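Before any comments, here is the structure.
All residue numbers refer to positions in the sequence shown, counting from 1. Scope of the values below: all heavy atoms of this structure, side chains included, with no hydrogens, waters or symmetry mates. Nothing here was measured: the structure is a model prediction, and the numbers come from that model.
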Amino acid sequence: MALVPYEEGGGWAARQLHSPSATFHFASRTIRLQQDWQRLGVAAVVWDAAVVLCAYLEMEGIDLRDRSVIELGAGTGLLGIVVTLLGTKEPVGVRALYSTCCLEGHDCAHVTITDRAAALEFLESNVQANLPPELRPRAMVKELTWGKDLDNFPPGAFDFILGADIVYLEETFAELLQTLEHLCSERTVILLSCRIRYERDLKFLKMLRERFSVSEVHYDSSKDVHIYKAQRGSRKDDF
């Protein structure tokens with residue numbers, strides 16, 4: 001969400017962040033993303049938390065068909081792109097079947113990919129470049145600054161709320177929680193993927209647990225990334 005530089009060590013990792021592009025393979029497709037650290041900072045590079053959450057959704061086979069999904073702080077758009085690809089009626093490797101589900105207007109995920117206004121043009125370009133024409137109508141890029149103009153989003157309208165490495169600025173915690181509460185219904189599943197870097201990150205999890213039932217559903221030790229699932233009240237539904 002934030003459009004500010006962020007220090008994440010040096011060496012190979014730093015070179016990856018400053019690279020003008022990054023390539024991934026998910027949902028039987030190669031995804032090539034543009035990056036622009038110099039212009040947009042953290043909003044325009046791919047972080048490990050996004051890669052881990054994409055892999056989790058794919059490996060767990062979470063059914064995203066005919067679900068309404070929103071991503072917060074989308075940055076490069078990797079997660080939203082992968083969710084759109086995974087949310088098809090048939091395996092995405094079978095290109096002829098894209099039109100079967102999506103052009104008929106059912107059984108595919110409806111994905112809203114959000115970030116702040118300054119990142120939208122960059123985000124939109126990555127989304128358009130990596131989705132086949134048949135799927136582009138299923139993914140909408142939209143401005144969302146946490147805690148502001150929430151009436152532009154129907155309350156409780158989403159089945160899944162996703163966020164990857166969006167918990168790092170303490171001054172945004174209250175607005176992020178306000179946004180989550182607005183977007184949630186009793187059925188909504190929130191999945192937040194993050195690396196716990198600082199004490200303030202644990203503070204956010206404490207604040208989240210005061211409002212939602214929270215559990216850790218996955219930990220990638222190779223990248224030190226946690227995935228947390230949150231729902232209203234005491235619900236602990238399966239996907």
Practice item. Please say which of D220, D48, D165, D201 ends up in a side chain to side chain donor-acceptor pair (under 3.5 Å) with R195. Key: D48
Quick check: closest heavy atoms across [X] and [Y], and the distance to 0.1 Å?
{"X": "L79", "Y": "L57", "value": "CD1-CD1, 3.9 Å"}
{"X": "T76", "Y": "L123", "value": "C-CD1, 3.8 Å"}
{"X": "T114", "Y": "L72", "value": "OG1-CA, 3.5 Å"}
{"X": "F160", "Y": "R67", "value": "CE1-NH1, 3.3 Å"}
{"X": "L131", "Y": "R136", "value": "O-NE, 2.8 Å"}
{"X": "R209", "Y": "Y228", "value": "NH2-CE2, 4.2 Å"}

Practice item. Please report the C-alpha distance between E181 and R232 in whole Å, then the side-chain angles of each, then the deciding distance to 0.1 Å, and finally whether the side chain to side chain contact (heavy atoms under 4.5 Å, CB included) criterion is met. Key: CA-CA 9 Å; E181 289 187 302; R232 282 195 183 278; 4.3 Å; yes
Practice item. With side chain to side chain contact (heavy atoms under 4.5 Å, CB included) as the test, would you mind laying out the steps for I31 and L85 before giving the verdict? Key: CA-CA 11 Å; I31 299 169; L85 293 170; 4.1 Å; yes
Exercise for review: Tell me, with the steps shown, if I81 and V127 meet side chain to side chain contact (heavy atoms under 4.5 Å, CB included).
Suggested key: CA-CA 6 Å; I81 291 165; V127 171; 4.2 Å; yes
Has [X] got a side-chain atom pairing as donor or acceptor with [Y]'s backbone, closer than 3.5 angstrom?
{"X": "E170", "Y": "R200", "result": "no"}
{"X": "T188", "Y": "F158", "result": "yes"}
{"X": "S193", "Y": "A50", "result": "no"}

First locate atom [atom1] of [X], then atom [atom2] of [Y], and finally report the distance between them rounded to the nearest 0.5 Å.
{"X": "L33", "Y": "Q35", "atom1": "CG", "atom2": "CD", "value": "7.5 Å"}
{"X": "I190", "Y": "F212", "atom1": "CD1", "atom2": "CZ", "value": "4.0 Å"}
{"X": "N130", "Y": "S125", "atom1": "CG", "atom2": "OG", "value": "9.0 Å"}
{"X": "F24", "Y": "L78", "atom1": "CZ", "atom2": "CG", "value": "5.5 Å"}
{"X": "L192", "Y": "F204", "atom1": "CG", "atom2": "CZ", "value": "6.0 Å"}
{"X": "M59", "Y": "Y56", "atom1": "CE", "atom2": "OH", "value": "9.0 Å"}

Starting from [Y], can I reach [X] by hopping between I/L/V/M/F/W/Y residues whose side chains sit under 4.5 Å apart?
{"X": "L202", "Y": "L176", "value": "yes"}
{"X": "V214", "Y": "L183", "value": "yes"}
{"X": "V51", "Y": "V217", "value": "yes"}
{"X": "L162", "Y": "L120", "value": "yes"}
{"X": "M207", "Y": "L205", "value": "yes"}

Exercise for review: Check the pair E199, K203 against salt bridge (charged side-chain N to carboxylate O under 4.0 Å, His left out), reporting the backbone distance first and the verdict last.
Suggested key: CA-CA 7 Å; E199 187 68 27; K203 178 180 178 181; over 6 Å; no
Taking the side chain as every heavy atom from C-beta outward, state whether [X] and [Y] have any atom pair closer than 4.5 Å.
{"X": "F153", "Y": "K142", "value": "yes"}
{"X": "V82", "Y": "E58", "value": "no"}
{"X": "V52", "Y": "H218", "value": "yes"}
{"X": "I62", "Y": "V189", "value": "no"}
{"X": "L208", "Y": "L180", "value": "yes"}

Exercise for review: In sequence, state the C-alpha distance, the side-chain angles, and the governing distance for T145 and E175, and then conclude on side chain to side chain contact (heavy atoms under 4.5 Å, CB included).
Suggested key: CA-CA 9 Å; T145 298; E175 289 80 8; over 6 Å; no
Exercise for review: Go through the structure and list residues passing salt bridge (Lys or Arg N to Asp or Glu O under 4.0 Å) with E143, not counting sequence neighbours.
Suggested key: none
Review point. Do other residues, nucleotides or ligands put more than 12 heavy atoms under 6.0 Å from E210 CD?
Key: yes
Exercise for review: For the pair H110 and R138, evaluate side chain to side chain donor-acceptor pair (under 3.5 Å) and give the outcome as yes or no after the intermediate values.
Suggested key: CA-CA 5 Å; H110 303 258; R138 316 304 291 180; 3.1 Å; yes
